[in-house]
Peer 1: 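Quick one: this structure, given as structure tokens, is what I'll be asking you about.
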Amino acid sequence: MLWMRYRILMNRFQKVGKVSKFFLALLLILSVVVAVGGFVGTLMLGLAKLEGAEAKHILWIWLGATIIFLFFWMVGLMTELQRSDSMSFKNLLHLPVSLEWVFLYNYIGSFISLSILVFLPPMLGFALALVLVFGVKMLLGMLLVLGFFTMVTALTYQLRGWLARLMEDKRRGRNIVMGITFCFVMIMQLPNLINLSGGWDDSEARSKRFELMLAAEREGPAQAKAQDALEAFLMEQKEASEQVERYVSIGAVVVPFGWLPYGMSAVFDGRWLAGLLCAVGLFAIATWSLAKSYRATMTSIVQGGPVRDEASALAAQAKQESKDARRKNGKLPLIEKRIHGFSEQTSAIATAGIQSLIRAPEAKMMLLSPIIMVGLFVIMLLKNPDRAGLADYGPGISLGAIAMAMLSLQQLLQNQFGLDRAGFRAYLLSPIPRYRILLGKNLALAPIAFCIGMVALLALQVLVGLNLEHMLGANLQLLSAFLILSMIGNQISILGPMRLKEVGMKASGAKLRIILLQMLSFFLIPISLAPLLLPWAIEYGFRDHAWATWVPIYLLLQAMELLALLSIYQWTLKQQGDLLQQREQQILETLTRN
């Protein structure tokens, strides 16, 4: 089996060109240099710096290395969620080959990754430095490192196999990718949110320590009292640090990923049994995970996978019957509903667009950016010590909040046909005026945009407290901003369409000029929204006149501006419809290109 795999690799290597061979050889040399350099570098660093280290230092060093490795390992896991085996089980079923060895070979092949190459040799080098500095008692550390990497790779191999079986259903697979990506991004943003909210702000403690040190150095009758206060403060800080260390130690014992740093510190402290139990536990979890993964693989591949049970079939049938019953009672599904005030064709396109946004996992991912942006906006307001003084600048702040919410939807606004892909043919073949297609696309995005904008304005009203006129004007400002961004989005969607990949919001095969056009539009958006500040500027100019105190200048001007934008939008929509009809063949070619 190994000889066969070796021959396959050699045949592939011989078929590639000279340039590819050169880069492959260069990549192999760089990999060896990185591995050897990391091992030797951490070994020398440990020999030079570990003298006089304590158990808590060992704990923190290995805890930091573990967290950094797990972060990069998760990033690599996100880039390839499904398991891709080096040897296919299905191609080997007819051969007299033990499938256990095929499974083991595929698992060992999963070790070949950039994260392992970058982290395993340095961690082994540092563990060897501990042995050379502190003696043979640290030999167990080498076993802990190997057990930790075995456990992580085994759990990852099992997770990827499980996800691969789930992703056989494409829609469910995209939902899984969306959910995992959403959770990963939120976890990665959590430190930033905590930092912005002041959770890690120790500036007050540092300034207090500096003041006490200055007072303790100042000679005089108050020097002794200041020195006592400094000692008490330092003792308090030490106790807080020791409490954090206790919590970290407890967490390292409870969470298996922390058994490596805890086991290292335990062995350093002379607690051999605790370190040995950590190593045994790491290998035990890896063995259990591989056994579960092997059984699931055999069930899925050899036996054809689990059969859908009768309960699932009955549940699906009951769901379909409930849909039919709702239809008979007059409760039409979303895609068949009519939007009052718009034609049947526009309503059909709008409801179909809303249904697509609800069902498409890649569109759901777009909700992540508005949530983060509105969250950051709320945190910035909370951190402002003079929120009451911000009420005078309410119209400007409200436009900023609206712009933050709208900019997070620009990827959908400026590429409105990207999610249609080959479904764009339905618009192309239908006898619908093209401007109604654009109007329906804008209406499909309107509920999402208005919900996000209203949440931002509600947070502004609760935290700052705008007067009634400015608050009503801000709602009109939201409508005006959506009209402006819809016109820009329609134009960019027609001139620079991009096909989106089946999973995620990444464009597929976008040309450079289209990417530059998309980037240019982001810089034009603030300029296009600037006229919405004109009513506020006029209100500010007439603030000293007596009649301005009872005339709602800002609200009236915002209403007039909204009416003017509605007229401009209607005229622009007809022109953009003609442009869409001229370029629909080019758009179809872009969306359906492999």
Side-chain angles (χ1 to χ4, degrees), residues 326-327 329-360 363 370 402 405-406 409-410 412-414 416-417 419-420 423-424 426-458 471-494 528-529 531-532 535 555-581 584:
R326 286 197 300 268
R327 187 188 299 273
N329 294 331
K331 297 181 179 179
L332 298 176
L334 174 63
I335 199 169
E336 297 181 18
K337 290 184 178 180
R338 178 79 176 269
I339 301 177
H340 297 289
F342 296 94
S343 66
E344 185 178 358
Q345 297 168 334
T346 303
S347 299
I349 295 172
T351 53
I354 295 173
Q355 186 75 9
S356 175
L357 293 174
I358 292 174
R359 297 179 65 182
I402 292 169
M406 293 293 183
L409 292 175
Q410 281 306 105
L412 288 175
L413 279 170
Q414 296 183 359
Q416 299 184 46
F417 307 112
L419 288 174
D420 294 330
F424 184 76
Y427 299 132
L428 199 67
L429 299 174
S430 60
I432 303 176
R434 297 320 189 210
Y435 75 91
R436 291 185 178 176
I437 296 177
L438 296 174
L439 179 59
K441 288 289 187 179
N442 295 156
L443 289 175
L445 288 172
I448 300 176
F450 291 155
C451 287
I452 296 170
M454 290 302 296
V455 169
L457 293 179
L458 180 62
M471 190 59 195
L472 294 176
N475 287 274
L476 299 179
Q477 203 177 49
L478 174 61
L479 297 174
S480 301
F482 181 73
L483 290 176
I484 293 174
L485 296 181
S486 294
M487 289 186 284
I488 296 175
N490 292 341
Q491 195 74 15
I492 301 298
S493 299
I494 297 170
S528 63
L529 294 179
L532 298 181
L555 184 60
L556 291 175
L557 291 178
Q558 283 289 357
M560 294 171 60
E561 200 168 31
L562 177 59
L563 293 175
L565 282 171
L566 280 172
S567 301
I568 297 173
Y569 176 77
Q570 290 179 350
W571 179 84
T572 305
L573 202 62
K574 297 290 183 64
Q575 308 304 316
Q576 290 175 337
D578 296 338
L579 180 61
L580 175 60
Q581 189 166 8
E584 56 188 14

Peer 1: For Gly577 and Leu438, which heavy atoms make the closest approach, and how far apart are they?
Peer 2: N-CD1, 3.8 Å
Peer 1: Leu532 and Ile484: side-chain contact (heavy atoms from CB on, under 4.5 Å), yes or no, with the steps?
Peer 2: CA-CA 10 Å; Leu532 298 181; Ile484 293 174; 4.2 Å; yes
Peer 1: Return the minimal non-hydrogen interatomic distance between Ala350 and Ala444, and the atom names on each side.
Peer 2: O-CB, 3.6 Å
Peer 1: Looking at Met471 and Leu457, what are the two nearest heavy atoms and their distance?
Peer 2: CE-O, 3.6 Å
Peer 1: Before giving the answer on side-chain contact (heavy atoms from CB on, under 4.5 Å), spell out for Ile432 and Ile349 the whole-Å C-alpha distance, their side-chain angles and the decisive distance to 0.1 Å.
Peer 2: CA-CA 10 Å; Ile432 303 176; Ile349 295 172; 4.1 Å; yes
Peer 1: Using modelled atom types only, decide if a donor and an acceptor are shared between the side chain of Ser480 and the backbone of Leu565 within a distance under 3.5 Å.
Peer 2: no
Peer 1: Which distance, rounded to the nearest 0.5 Å, do you find between the OG of Ser486 and the CG of Leu413?
Peer 2: 6.0 Å
Peer 1: Where is the tightest heavy-atom contact between Ile402 and Ala481, given as atom of each residue plus distance?
Peer 2: CG2-CB, 3.8 Å
Peer 1: Are Pro535 and Gln477 close enough that some pair of their side-chain heavy atoms sits under 4.5 Å apart?
Peer 2: no
Peer 1: Looking at every heavy atom in both Pro447 and Ile354, which two are closest together, and how far apart are they?
Peer 2: CG-CD1, 4.3 Å
Peer 1: Looking at CG of Leu566 and CG of Leu573, how far apart are the two atoms once the value is rounded to the nearest 0.5 Å?
Peer 2: 11.5 Å
Peer 1: Just how far is it from atom CG of Leu580 to atom OG of Ser493, taken to the nearest 0.5 Å?
Peer 2: 9.5 Å
Peer 1: In Å, rounded to the nearest 0.5 Å, how long is the span from CD1 of Ile494 to CG of Leu579?
Peer 2: 5.0 Å
Peer 1: Which value, rounded to the nearest 0.5 Å, describes the distance between Thr346 atom OG1 and Ile437 atom CD1?
Peer 2: 9.5 Å
Peer 1: Which heavy atom of Ala446 sits nearest to which heavy atom of Phe482, and what is that distance?
Peer 2: CA-CZ, 3.6 Å
Peer 1: Side-chain donor-acceptor pair under 3.5 Å between Tyr569 and Asn442, yes or no?
Peer 2: yes
Peer 1: Using modelled atom types and a 3.5 Å cut-off, is there a donor and acceptor pairing between side-chain atoms of Arg434 and backbone atoms of Tyr427?
Peer 2: yes
Peer 1: May I ask you to test the Lys441-Phe417 pair for a side-chain heavy-atom distance under 4.5 Å?
Peer 2: yes
Peer 1: Report the distance from atom CE of Met487 to atom CD of Gln575, rounding to the nearest 0.5 Å.
Peer 2: 12.5 Å
Peer 1: Testing the 3.5 Å rule here: is there a donor-acceptor pair between the side chains of Asn475 and Gln558?
Peer 2: no
Peer 1: Taking side chain as C-beta onward, heavy atoms only, is Leu479 less than 4.5 Å from Phe450?
Peer 2: yes
